[in-house]
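As structure tokens, the structure follows; a few thoughts come after it.
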Amino acid sequence: MTQRRTRVRFAPSPTGPLHMGGVRTALYNYLFAKQNGGDFIIRIEDTDSHRFVPGAEKYIIDSLRWCGIIPDEGVDENGCVVETASEKHPHAPYRQSQRRGIYRKYAEQLVASGNAYYAFDTPEALARERAEAEARGETFIYNWSTRGRLLNSLTVSPEECSRLLQERDDWTIRFKVPENRIVKMDDLIRGHVEVNSSTLDDKVLWKKADVLPTYHLANIVDDHLMEITEVIRGEEWLPSLPLHYMLYEAFGWQETMPRFAHLALLLKPVGNGKLSKRDGDKMGFPVFPLHWVSPEGEHSRGYREDGYFPEAFVNMLAMLGWNPGNDREMFTMDELIQAFSMDKVQKAGAKFNPDKAKWYNKEYLRLKSDRELAELFVPILEEHSVKADFDYVVKVVALIKERATFVKDFWDIASYLFRDPQQYDEKDAAKFWKEENYTLAFKVADFIAAYDGPMTHEGVGAAMEEYIKGNEWPMGKVMNCLRLALAGASSGLGIADIVILIGKDAVNRRIEAAKKALC
């Protein structure tokens, strides 16, 4: 049999913002497709019109584009979901709501082949069945054990069935799950799985009231028509796998049935269970890639707005549930594509570590050039009404980037390099600003003003050290006191670097301001 071109899809529902677990699913699909020279498709599964959230679809696409997860099909160069078929997008449209005209015939095909049936049970009738079963200490399941006594096309005459189809608007089409059949399935991550069909219910495939299919039918039909070769999705869909296997068989599509892989959950940092927005709110980290505002006005943090680099976010996500088989942790997207393999994806859930996410961002910040970081820092300076020479900003960034996790940290670390201190740290002042210290610090400041040697770190630093040690003054106390006057706190860059950056005039000005404020 001719090997098919690899085609995978990420098929989110626009019911809210894209969780980072969903981004990871999209990422693994993308890596798998690219490694195998195939196609990555975006399909919007919006058949559940009752849960549709305005803005969610655009949010999903924008999130993936920020991460560098770019589809081959499904959206155009502007990030819009393609609505009409073309040479580039032969399988369009990519929204299920725009494909509604194709599904009913497949549902009717299953009825005609005896693999599905019409069901006319009202919600009230089904509620009574559930209540009666509960009264007996049982659980009601609509399947082989109950369908023979319920109102459906299996229990009424053809004439009665035709009448009900014409008169009623609330009928459904249910899949007819066979009794006591062992469904044998294979998963790329979990291996061989077997389920007895008697434990399954007859899922609804089509609802006349909505004129739309349910997820199960639309999912199978679209994957078949879009020639999907592998379905890589979250483990929450694992219970649906037997039904999907049987649907492929019922349609006679066994030879083109995709291979399946079910990804384990992202877990809470502490305790057990799936990582949720509540965990992020409680522990102070985002769970969504981008900032999200709900239709009700509720704001949710995003990794982008919190200052994360997209490549750091992607690298972190890739390692949550997959490993390359060695100790390496840093990968570009191209390197991930080369290294990724499904056989190294973990079966167990992966605990999310917010500190590790910050570690990744810190490492990627260090890898960026000083000029690139300076360009990112300039808008932050402008927010603080600071206009600085760009080459000066580059020099500052070069000295402070090892201390930062995010670009936004630069201002907190080095605001004193762009303007005189606005205030002085009270604890540092109480600890270091003592007369026996600051009188010596003032003398060092006078020495700096008179210094005429090379204005380099080595030159200024060596001269100050020689002067202080030569006078047998306490180096630490003098330096901390001097730094408090120049930077507003005892922590910060070395005095030599501060002097070189801000210049002698600023040193003198800041010493005088400290005298007035602290003495």
Side-chain angles (χ1 to χ4, degrees), residues 13-16 45-53 96-97 100 103-104 106-108 110-112 114-181 183 195-221 234-247 250 273-274 276 295-296:
S13 297
T15 56
E45 299 199 338
D46 58 348
T47 55
D48 191 348
S49 57
H50 302 293
R51 296 178 61 217
F52 174 79
V53 174
Q96 287 186 336
S97 60
R100 67 175 65 200
Y103 300 116
R104 181 170 177 179
Y106 289 100
E108 300 282 6
L110 291 176
V111 174
N115 289 292
Y117 57 92
Y118 301 108
F120 305 102
D121 312 274
T122 64
E124 294 77 15
L126 293 177
R128 285 195 299 272
E129 290 286 340
R130 294 189 186 93
E132 290 173 5
E134 288 176 7
R136 298 191 300 269
E138 301 171 357
T139 299
F140 172 72
I141 302 178
Y142 202 133
N143 65 1
W144 60 272
S145 64
T146 58
R147 63 190 174 217
R149 58 181 171 79
L150 297 171
L151 187 60
N152 54 60
S153 58
L154 303 175
T155 61
V156 301
S157 67
E159 294 77 18
E160 179 68 4
C161 181
S162 296
R163 183 184 67 79
L164 291 171
L165 289 173
Q166 291 177 2
E167 294 179 358
R168 296 271 295 274
D169 287 326
D170 57 350
W171 54 265
T172 63
I173 294 177
R174 288 181 178 269
F175 187 67
K176 187 180 179 184
V177 176
E179 178 185 357
N180 199 31
R181 177 195 158 183
V183 184
V195 172
N196 190 307
S197 65
S198 292
T199 63
L200 307 175
D201 61 329
D202 292 357
K203 292 291 186 186
V204 173
L205 304 178
W206 175 270
K207 295 181 179 180
K208 176 63 167 61
D210 294 339
V211 199
L212 280 173
T214 60
Y215 166 82
H216 300 290
L217 178 65
N219 172 273
I220 296 300
V221 170
E235 70 174 13
E236 64 268 24
W237 295 112
L238 191 58
S240 301
L241 188 58
L243 171 64
H244 295 172
Y245 255 73
M246 289 187 287
L247 279 168
K274 182 180 178 180
S276 69
E296 296 75 34

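What's counted below: heavy atoms across the whole structure, side chains too, no hydrogens, waters or symmetry copies.
Nearest approach of E45 to P14, heavy atoms of both residues: O-CD, 3.7 Å. Closest of all the heavy-atom pairs between N152 and A119 is CB-CA, 3.8 Å. Nearest approach of W206 to A107, heavy atoms of both residues: CB-CB, 4.1 Å. Heavy atoms only, all atoms of each residue included: T47 and L212 are closest at O-CD1, 3.4 Å. Scanning all heavy atoms of the two residues, the minimum distance from V111 to I173 falls at CG2-CG2, 3.8 Å. Between K176 and G114 the shortest heavy-atom distance is CD-O, 3.6 Å.
For the side chain to side chain donor-acceptor pair (under 3.5 Å) test, residues two or more places apart in sequence or in another chain that qualify with N180 are N196. Every residue meeting the side chain to side chain donor-acceptor pair (under 3.5 Å) condition with S97, not counting sequence neighbours, appears here in chain and number order: D46.
Note: E138 CD to E134 CD = 11.0 Å, rounded to the nearest 0.5 Å. Between the CG atom in L247 and the CG atom in N219 there is a gap of 9.0 Å [rounded to 0.5 Å]. Taking CG of L151 as the start and OG1 of T122 as the end, the distance is 8.5 Å to the nearest 0.5 Å. Note that CH2 of W171 is 9.0 Å distant from SG of C161, once rounded to the nearest 0.5 Å. Here the CG atom belonging to D121 is positioned 8.0 Å from the OG1 atom belonging to T155, to the nearest 0.5 angstrom.
With F175 as reference, L243 is the one residue of L217, L243, L200, D202 to meet the side chain to side chain contact (heavy atoms under 4.5 Å, CB included) rule.
The main-chain N or O of S198 is found under 3.5 Å from a side-chain atom of W144 such that the two form a donor-acceptor pair. No donor-acceptor distance shorter than 3.5 angstrom exists from the side chain of D201 to the backbone of N143, with no hydrogens or angles considered. Between the R168 side chain and the F120 main chain, a donor and an acceptor come within less than 3.5 Å of each other. With hydrogens and angles disregarded, no donor-acceptor distance shorter than 3.5 Å links the side chain of S153 to the backbone of Y117.
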Practice prompt. Please assess R174 against R147 for the test side chain to side chain contact (heavy atoms under 4.5 Å, CB included), listing each intermediate value before the final yes or no.
Written response: CA-CA 10 Å; R174 288 181 178 269; R147 63 190 174 217; over 6 Å; no
Practice prompt. Test Y118 against L164 for side chain to side chain contact (heavy atoms under 4.5 Å, CB included), laying out the working first.
Written response: CA-CA 10 Å; Y118 301 108; L164 291 171; over 6 Å; no
Worksheet item: Step by step, would you call V204 with Y142 a side chain to side chain contact (heavy atoms under 4.5 Å, CB included)?
Response: CA-CA 10 Å; V204 173; Y142 202 133; over 6 Å; no
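Taking the charged nitrogens against the carboxylate oxygens, R149 and E129 do have a contact shorter than 4.0 Å, which makes a salt bridge.
Heavy atoms from other residues, nucleotides or ligands lying under 6.0 Å from NZ of K208 number more than 12. Environment of CZ in R51: sparse, with no more than 12 heavy atoms of neighbouring residues, nucleotides or ligands closer than 6.0 Å.
Between P178 and M246 the shortest side-chain heavy-atom distance falls below 4.5 Å.
Relative ring orientation between H244 and Y215 is described as tilted, the plane-to-plane angle lying within the 30° to 60° band.
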